[in-house]
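From a predicted model like this one, the values you see are computed outputs, not experimental measurements. We name chains A, B, ... by the order of the sequence lines, and we start the count at 1 in each one.
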Amino acid sequence: MTAKRWFQTTAIDYPNSRPHIGTAFEKLGADVQARYRRMDGYDVFFLMGNDENTVKVSKRAAELGQDTQAYCDDMARQFQEVWKALDISYDVFIQTSSERHKQCCRKFIQRVYDNGSIYKGEYGGWYCEGCEEFKSDKDHKEHSGLCPNHKTPLVRRSEPCYFFKLSAFQDRLLKFYEENPDFIQPESRRNEIVSLIKTEGLRDVNISRQGEQWGIPIPFDPEFTIYVWFDALLTYITGIGYGDDAELFAKYWPANTHYIGKDITRFHTALWPAMLWAAGEKAPEKVFAHGFVYRKNESTGDVEKIGKALGNVVEPMEVISKFSADAFRYYFLRECPYPSDGEFSWGRFADVYNSELANNLGNLLSRAITIPAKNYDRVLDGTAQRTPDAAVPGLNLTNFVAELRTHIEACRYNVALQMIVQDFLTPTNQYLETNAPWKLVKTDKDAAKKVMFSAIQSLRIASILLKPFIPRSAEAIYTSFNFPKSWGDVSYDDAAELKAQPDDLRVTAELVDGKVKPLFPRIA
RNA sequence: CGCGGCGUGGAGCAGCCCGGUUAGCUCGCCAGGCUCAUAACCUGGAGGUCGUAGGUUCAAAUCCUACCGCCGCAACCA
């Protein structure tokens, strides 16, 4: 019984440098979706990986005097170390240099060849004899026909190669976009691709390289290797058993969503479906192109693209080790809209962290734990079997959760988090302020108890709503009290109603001298 | 005329598609309250000719036109 399955992927990364915060942003957004779907009972398969069969990678390894495979394996280890530190809940991590991937690739390309969508031709381009490689038309234009490295004239050169008949799929693609308006998300990206294809059209693409040692040899002509893009996209199906596990493949394909960066939208929305069709497979259901994270230069105020050239790379580990994985997750998910672009600066990071995580959420938890601990010896007796009053009475919880779901499913994580904070957590703090249980307890201990019972119910709901975003902290909140349902089983629907529980509500959090350890210590 | 996005109080954003109460939110700033809590929390306040110029309309941040400025993509930069 697999009523609901959910197969999602992120783009696979070039391992020629360690992941930076922009790379992590993509994985984060995908991870929230995976966690959210799991809470909803989906059988989730989340695939990630590294794209290793490129000349750049073998060159980088050579620079370091390392064996290419050993270099790739080490980078794969380092990437996964970062993803694990960020609590990215992937199920499988594919290295394209793995033998399994290569074998499945060969099967795929052979099938496309047999189906007549690959032909041999000549590729012409601007070649630098010093670099021994082709330069792009852009390089040619920008450097007035000279090699950017050698400053020598580029020469026109052509060599035999294999082309994929992408142009043959143009009409089918346009029709597909029309019939599946959600295929490319967000909408702005869809418009971009559609107009691009309509105005410029699609050309056949060179999918081979000649005379390379590193890469996957083409089965029907081993003199050539498969061009990285053709091979990289195939990760999405070789990772779920294409070519060697028909059952697994049938279960998960077509993918529900590919999460990618906006720069590679055309590969995923034009080349990829066409490749699949050429091999007799279905296109994926959706491609979500997220925005980029830029770096705000704190001294000049300029917004810069992240890159080694500018020396402004921030590594995820730098943030994680200084603060926490959840702090990292929260900042990017709350501050940077996934469908468009966002910015990072340490100053802004501290602002968001302090105001929302420390002051609003963290402090609320501290208040909710300390008052029962001090005045009721941790136990709110008489609350068993009773349904608490709403701490946020004006809010229709059912509608609220439904609206949050809509935002999460559309990857508007920033909007969802804003709603949780502004429409739920802040009002809960206001509720405490209005009812002042610390004062009320002196005159009416039972009334004060009811207030706390309601406030703590808000924390139960908030922790569930926050679970996909900041899993560890959400768990810490939930397990600070004896809520009956086990943390692993909670779903978003559990947040949609105020719930009674069999036992009296009790504070189970660990206390030191009657105090809780702050969930998010303020950044000074 | 390559494609796309953006320009709203000091900073960051929402609102615009489907024009109409005192233009909303977060941070910062100022004043007050509270003291359970992580110098946290709550209330109030100052601060905006909604890029510019026209147009449509009883009415425009919201629709139309032109212009200015910033940014991204342009088929191996997440």
Side-chain angles (χ1 to χ4, degrees), chain A residues 10-14 16-17 19-27 51 54-56 133-134 136-138 166 187-189 191-196 198-200 202-203 205-206 227-229 232 259-267 270-271 289-294 296 301-303 305-309 334-335 337 340-343 345 347-348 350-352 354-375 414-415 418 421-423 426 428-434 436-441 448 452 455 515-524:
Chain A
T10 60
I12 57 174
D13 300 301
Y14 282 137
N16 44 12
S17 61
H20 57 70
I21 53 177
T23 330
F25 182 57
E26 171 174 298
K27 317 305 171 199
D51 183 6
T54 157
V55 184
K56 275 186 184 174
E133 67 177 24
F134 283 99
S136 65
D137 288 345
K138 184 181 171 185
L166 180 59
E187 206 182 317
S188 55
R189 295 272 101 76
N191 295 341
E192 201 173 317
I193 294 295
V194 170
S195 72
L196 182 91
K198 281 187 177 165
T199 55
E200 289 183 28
L202 292 168
R203 277 181 275 158
V205 292
N206 177 359
Y227 167 60
V228 273
W229 262 109
Y259 295 94
I260 58 160
K262 64 180 182 181
D263 55 327
I264 53 178
T265 314
R266 59 186 62 188
F267 289 106
L271 177 60
H290 63 76
F292 282 0
V293 174
Y294 295 88
K296 181 148 183 173
D302 292 342
V303 176
K305 194 162 183 179
I306 294 173
K308 273 194 249 175
R334 168 70 180 89
E335 193 62 14
S340 36
D341 299 335
E343 292 164 19
S345 74
R348 187 71 192 150
D351 282 348
V352 171
N354 278 339
S355 73
E356 298 192 356
L357 288 179
N359 299 350
N360 200 324
L361 176 61
N363 185 49
L364 178 62
L365 177 67
S366 297
R367 307 173 91 176
I369 289 175
T370 312
I371 298 172
K374 278 191 177 165
N375 299 289
N414 60 320
V415 179
Q418 179 178 333
V421 173
Q422 282 177 27
D423 302 336
T426 296
T428 300
N429 270 314
Q430 289 168 340
Y431 170 80
L432 281 180
E433 208 62 33
T434 308
W438 52 89
K439 201 185 284 178
L440 191 59
V441 73
M452 290 317 298
K515 290 203 156 202
V516 229
K517 200 174 138 218
L519 187 60
F520 298 102
R522 275 180 62 87
I523 300 173

Please identify each residue that fulfils side-chain contact (heavy atoms from CB on, under 4.5 Å) with A:K56, with sequence neighbours left out.
A:N16, A:T54

Using the P atom as the point on both nucleotides, what is the distance between B:G28 and B:A39, in whole Å?
15 Å

Any base atoms under 4.0 Å from A:V516, or only sugar-phosphate, or nothing? Heavy atoms, all strands.
nothing

Looking for any heavy atom pair under 4.0 Å, which part of the strands does A:L196 touch: base, sugar-phosphate only, or nothing?
nothing

Could you tell me how far apart A:K515 (NZ) and B:U38 (P) are, to the nearest whole angstrom?
3 Å

Pick base, sugar-phosphate or nothing for A:F25, based on heavy-atom distances below 4.0 Å to the nucleic acid.
nothing

Any stem touching RNA chain B, meaning at least three consecutive Watson-Crick or G-U pairs under 3.5 Å, ordered by first number, would be B:2-7 with B:68-73, B:10-13 with B:24-27, B:29-33 with B:41-45, B:51-55 with B:63-67

If only atom types and distance count, is the side chain of A:K198 paired as donor or acceptor with the main-chain N or O of A:I193 below 3.5 Å?
no

Measure OH/A:Y294 against P/B:G12 and give the value in whole Å, please.
16 Å

Quick one: is B:A40 close enough that its OP1 or OP2 comes under 4.0 Å of any side-chain N or O from A:R367?
no

Is any side-chain nitrogen or oxygen of A:Y227 closer than 4.0 Å to OP1 or OP2 of B:C76?
yes

Rounded to the nearest 0.5 Å, what separation is found between the CZ atom of A:R348 and the CD atom of A:E335?
4.0 Å

How many whole angstroms separate atom CG of A:L365 from atom P of B:C36?
18 Å

Expressed in angstrom and rounded to an integer, what is the separation of A:N359 atom CG from B:C41 atom P?
4 Å

Between A:K374 and B:A37, is there a contact of a side-chain N or O with OP1 or OP2 at under 4.0 Å?
yes

For atom CD of A:E192 and atom C1' of B:G72, their distance in whole Å:
9 Å

Scan residues 354-372 of chain A for pairs that pass salt bridge (Lys or Arg N to Asp or Glu O under 4.0 Å), counting only residues two or more places apart or in two chains.
A:R334-A:E356, A:R367-A:E433

dist A:N360:CG -> A:L365:CG (nearest 0.5 Å) comes out at 12.0 Å

Would you give the length of the straight line joining atom CG of A:N429 to atom CG of A:N359, rounded to the nearest 0.5 angstrom?
9.5 Å

Heavy-atom nearest pair, A:V293 first then A:I21, reads CG1-CD1, 4.2 Å

A:E192: side-chain contact (heavy atoms from CB on, under 4.5 Å) partners, not counting sequence neighbours
A:R189

Walk along nucleotides 22-34 of chain B from 5' to 3' and tag each nucleotide B, S or - by protein heavy-atom contact under 4.0 Å, base first, then sugar-phosphate.
---SSS-----BS

Tell me the interatomic distance from A:R522, atom CZ, to B:A40, atom P, rounded to whole angstroms.
4 Å

Please state the C1' separation for the pair B:C76 and B:C63 - nearest whole angstrom.
43 Å

Could you tell me how far B:C42 sits from B:G5 if I compare only their C1' atoms? Round to whole Å.
40 Å

Could you tell me which residues satisfy ring pair (Phe, Tyr, Trp, His ring centres under 6.0 Å) with A:F267, sequence neighbours excluded, listed by chain and number?
A:W229

Across the strands shown, which category fits A:A11 at heavy-atom distances under 4.0 angstrom: base, sugar-phosphate, nothing?
nothing

Taken to the nearest 0.5 Å, the spacing of A:F520 CZ from A:L361 CG works out to 5.5 Å

Under 4.0 angstrom, heavy atoms only, what part of the nucleic acid is A:I369 near: base, sugar-phosphate, or nothing?
nothing

Interatomic distance at P, B:G15 relative to B:G24, whole Å:
15 Å

How long is the line joining CZ of A:R266 and C1' of B:C76, in whole Å?
13 Å

Rounded to the Å, how far apart are A:I371 CD1 and B:A40 P?
18 Å

B:C25 and B:U35: how far apart are their P atoms, nearest whole angstrom?
27 Å

